[in-house]
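Here the structure comes first, spelled out in structure tokens, and everything after it is commentary.
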Amino acid sequence: MRGSQTFSKSERLQHGYEFRRIYDTGRKVPGRFAVLYVLESPGDSAPRRALGVVTGRRLGNAVVRNRARRLVREAYRLNKARLKENIQLVIVARSAINGKRLADVERELMGQFAAAGLVKRD
């Protein structure tokens with residue numbers, strides 16, 4: 001179980017062109033704490049689930065932005081096993097995330113994932 005609970009480097013979006021492709025061709029799902037951009041890959045490609053988190057300077061200082069990134073990544077990490085395989089996500093944090101607890105962020109993101117149709121049907 002531990003292996004599925006990690007957030008490895010291969011699961012991270014690391015290049016600007018990856019973010020740009022998701023912004024340009026993916027779907028946008030707005031929420032209270034964040035805006036979710038989703039790009040679903042065709043089923044015949046190699047399964048890869050990847051996440052990129054964006055926190056702009058308007059969110060606050062470095063401490064605030066880092067906390068927002070940690071909250072989003074942890075909420076994703078705890079629930080990624082419930083999501084489809086071939087998806088790439090960019091989550092842009094909004095200022096409403098400031099001061100929120102992990103449970104609040106997790107609940108909001110799961111609602112956005114469900115609205116986008118990303119939750120697996122078991």
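If you're wondering where the values come from, they're calculated on a predicted model, not measured in any experiment.
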Would the number of heavy atoms belonging to other residues, nucleotides or ligands and lying under 6.0 Å from CZ of Arg73 be above 12?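 Atom CZ in Arg73 is packed in, count exceeds 12.
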Side chain to side chain contact (heavy atoms under 4.5 Å, CB included) between Lys120 and Glu85, intermediate numbers included: CA-CA 9 Å; Lys120 287 186 210 174; Glu85 290 291 326; 3.8 Å; yes
Cluster link [X] to [Y], ILVMFWY, side chain under 4.5 Å:
X      : Y     : answer
Leu51  : Val54 : no
Tyr76  : Leu13 : no
Leu109 : Tyr37 : no
Val53  : Val90 : no
Val72  : Leu78 : yes

Separation of [Y] [atom2] from [X] [atom1] (nearest 0.5 Å):
X      : Y      : atom1 : atom2 : value
Arg32  : Ile97  : CZ    : CD1   : 10.5 Å
Leu71  : Glu108 : CG    : CD    : 13.0 Å
Leu36  : Arg27  : CG    : CZ    : 8.5 Å
Arg58  : Arg65  : CZ    : CZ    : 13.0 Å
Lys100 : Arg107 : NZ    : CZ    : 11.0 Å
Met110 : Leu118 : CE    : CG    : 9.0 Å

Please give me the minimum heavy-atom distance between Ile91 and Ala34, naming the atom from each residue.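 Reported closest heavy-atom pair: CG2-CB, 3.5 Å.
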Where is the tightest heavy-atom contact between Leu59 and Val64, given as atom of each residue plus distance? O-CG1, 3.6 Å
Using a strict threshold of under 4.0 Å (side-chain N to carboxylate O), is an ion pair present between Arg77 and Glu11? no
So Tyr23 and Phe19, would you call those rings parallel, tilted or perpendicular, with 30° and 60° as cut-offs? tilted
Are Leu89 and Phe113 close enough, and set up right, to give a side chain to side chain contact (heavy atoms under 4.5 Å, CB included), and what steps lead you there? CA-CA 10 Å; Leu89 306 167; Phe113 293 152; 4.0 Å; yes
Donor-acceptor check, side chain of Arg94 to backbone of Val35, threshold 3.5 angstrom: yes or no?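 Not a single qualifying donor-acceptor pair exists.
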Check Arg21, Glu40, Glu18, Arg49 against Gln88 for a side chain to side chain donor-acceptor pair (under 3.5 Å) and give me the one that passes. Arg21
